[in-house]
Amino acid sequence: MDKETIEKLISEAACAKGFSYSPYSNFKVGAALLAGNGKIYSGCNIENAAYSPTNCAERTAFFKAVSEGVRGFEAMAIVGGDGEKLCPPCGVCLQVMAEFCDPQTFLVILASEAGDFKVYLLKDLLPMAFKL
Ligand code: THU
């Protein structure tokens with residue numbers, strides 16, 4: 001994937017982070033999902049007073065796309081927290097990625113607020129996804 005596309009996804013994820021609703025953890029996360037059709041679906045984490053209804057930024061983006069009939073994805077950028085730390089997706093979000101993406105080719109781009117990023121293949125983050 002070219003650097004321009006990676007940077008575009010990171011900037012969309014950083015923008016979505018601005019919409020994070022996270023009054024309980026104060027941990028803001030944004031994600032941007034690139035679909036095979038070229039469209040980008042963004043998402044933020046959305047918390048709840050009852051805690052368990054909380055939705056991660058990654059799943060917000062996936063559910064927006066899938067609920068609009070879109071399948072087949074190429075990459076997702078994630079920006080979470082502040083400073084230099086990267087924010088890897090939680091196990092639940094990895095399992096959702098595994099449902100809709102090819103683990104051999106889907107790229108997970110982790111970017112810090114400081115501007116650094118690292119690119120992983122889904123297969124390396126979730127080597128043994130549950131499948132029926
Ligand atoms: N969170 C995400 O949005 N994505 C992840 O992959 C990890 C965690 C959110 C959930 C919750 O709102 C906050 O970060 C703290 O766990």
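This structure is a prediction, so every number in the text was calculated from the model and none was measured. Remember, it's 1-based here, ligands and their atoms both numbered in the order they're listed. Residue numbers run from 1 in the order of the sequence given.
- By the 4.0 Å heavy-atom criterion, Ser22 is excluded from the residues contacting ligand 1.
- Leu9 has its side chain within reach of Ile40: a pair of non-hydrogen atoms, C-beta onward, lies under 4.5 Å apart.
- Other residues, nucleotides and ligands contribute over 12 non-hydrogen atoms within 6.0 Å of the NZ atom of Lys64.
- Using a 4.0 Å cut-off to heavy atoms of Phe27, the atoms of ligand 1 that qualify are 14 (O).
- Residues Phe62 and Phe73 bring their aromatic ring centres within 6.0 Å.
- For the pair Ile10 and Phe117, the minimum side-chain heavy-atom distance is below 4.5 Å.
- Remark: the backbone N or O of Gly80 is not paired with any side-chain donor or acceptor of Lys85 at under 3.5 angstrom.
- Given atom 3 (O) of ligand 1, the protein heavy atom at minimum distance is Ala57 N, 3.0 Å.
- Taking every heavy atom of Cys56 and a limit of under 4.0 angstrom, the matching atoms of ligand 1 come to 1 (N), 2 (C), 3 (O), 4 (N), 5 (C), 8 (C).
- The number of heavy atoms from other shown groups lying within 6.0 Å of NZ (Lys131) is above 12.
- Nearest protein heavy-atom contact of atom 11 (C) of ligand 1 is Glu47 OE2, 3.2 Å.
- Backbone and side-chain nitrogen or oxygen atoms of Asn45 are examined, and one is located within less than 3.5 angstrom of a nitrogen or oxygen of ligand 1.
- For ligand 1 and Pro89, the ligand atoms under 4.0 Å from any heavy atom of the residue are 6 (O).
- A side-chain contact (heavy atoms from CB on, under 4.5 Å) with Arg59 is found for one member of Val92, Thr54, Asn45, Ile46 and no other, namely Val92.
- The single protein non-hydrogen atom nearest to atom 15 (C) of ligand 1 is Ser25 OG, 3.7 Å, given as residue, atom name and distance.
- Near Glu58, with a cut-off below 4.0 Å to any heavy atom, the atoms of ligand 1 are 2 (C), 3 (O), 4 (N), 5 (C), 6 (O).
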